[in-house]
Amino acid sequence: MTEELTYAEICVKEPRATLKFLTQYLGFVKVSNLYNAEKPGRPGFLLRDKSGRSYFIALHADHDDYNSPIVINTDDCLKDYYLLDKQGVQFDGIPGYTSDGLRAVAVDNIGTRYTLIEHRDYNDEL
């Protein structure tokens with residue numbers, strides 16, 4: 001059975017900047033605006049990825065200096081890195097291998113970090 005995350009709450013300093021980055025560079029689609037009953041005046045957005053499987057909410061954090069890490073799965077980290085780099089997206093170094101797979105970390109203009117990860121199983125037999 002395959003299980004996937006279909007809903008996640010993401011706290012960010014500036015939701016509109018996160019919305020712009022996710023839609024402009026990472027291919028997410030804005031589904032709707034959200035109203036935060038507990039904190040009126042703090043916008044939120046319901047987003048989905050290109051496949052329509054994953055949904056995210058971008059909301060204000062309780063503290064102005066906090067951003068949730070945003071991790072996005074990719075099937076080709078190097079390709080995505082080079083395409084985004086050509087569009088002017090800033091990265092925190094070049095892609096590198098981790099125990100989970102190949103990873104690249106993009107950073108937007110307000111400091112939110114977007115980890116692109118291509119999961120790899122290093123235990124596969126050759």
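Here the structure is a predicted model, which is why all the values come from computation and not from measurement.
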As a quick check of understanding, evaluate side chain to side chain contact (heavy atoms under 4.5 Å, CB included) for Leu26 and Leu84, giving each step before the final call.
CA-CA 8 Å; Leu26 299 181; Leu84 292 168; 3.7 Å; yes
Can you find a side-chain donor-acceptor pair between His119 and Asn73 that sits under 3.5 Å?
yes
Rounded at 0.5 Å granularity, tell me how far OG1 in Thr18 sits from CZ in Phe45.
9.0 Å
Is it true that a side-chain atom of Glu14 and a backbone atom of Arg16 form a donor plus acceptor pair closer than 3.5 Å?
yes
Is there a side-chain contact between Leu102 and Leu78, using heavy atoms and a 4.5 Å cut-off?
yes
Test of understanding: clusters of I, L, V, M, F, W, Y form through side-chain heavy atoms closer than 4.5 Å, transitively. Do Ile72 and Ile110 belong to the same one?
no
Around atom CD of Gln90, are there more than 12 heavy atoms from other residues, nucleotides or ligands closer than 6.0 Å?
no
Pair Phe91, Val105 - check side chain to side chain contact (heavy atoms under 4.5 Å, CB included), show working.
CA-CA 6 Å; Phe91 283 86; Val105 180; 5.7 Å; no
Value rounded to 0.5 Å, distance of CG in Leu46 from NZ in Lys30:
10.5 Å
With a 4.5 Å heavy-atom cut-off, do Tyr114 and Leu22 have their side chains touching?
yes
Could you walk me through whether Tyr81 and Asp76 pass side chain to side chain contact (heavy atoms under 4.5 Å, CB included), step by step?
CA-CA 9 Å; Tyr81 169 81; Asp76 193 334; over 6 Å; no
For the backbone of Asp108 and the side chain of Thr112, can you confirm whether one donor and one acceptor N or O come within less than 3.5 Å of each other?
no
Just verifying a value: how many Å separate Tyr97 OH and Arg120 CZ, rounded to the nearest 0.5 Å?
4.5 Å
According to a hydrophobic-cluster definition based on side-chain heavy atoms being under 4.5 Å apart (Ile, Leu, Val, Met, Phe, Trp, Tyr only), do Val107 and Ile70 belong together?
no
Distance (rounded to the nearest 0.5 Å) between Asp92 CG and Arg103 CZ:
8.5 Å
Applying side chain to side chain contact (heavy atoms under 4.5 Å, CB included), run through Thr23 and Val29 and close with a yes or a no.
CA-CA 6 Å; Thr23 56; Val29 176; over 6 Å; no
Distance from Tyr25 atom OH to Gln87 atom CD, nearest 0.5 Å?
6.5 Å
Kindly write out the residues that satisfy side chain to side chain contact (heavy atoms under 4.5 Å, CB included) with Thr74, not counting sequence neighbours, or none if the list is empty.
Cys77, Asp80, Leu116, Glu118
Remaining members of hydrophobic cluster (4.5 Å side-chain criterion), Val71
Ile117
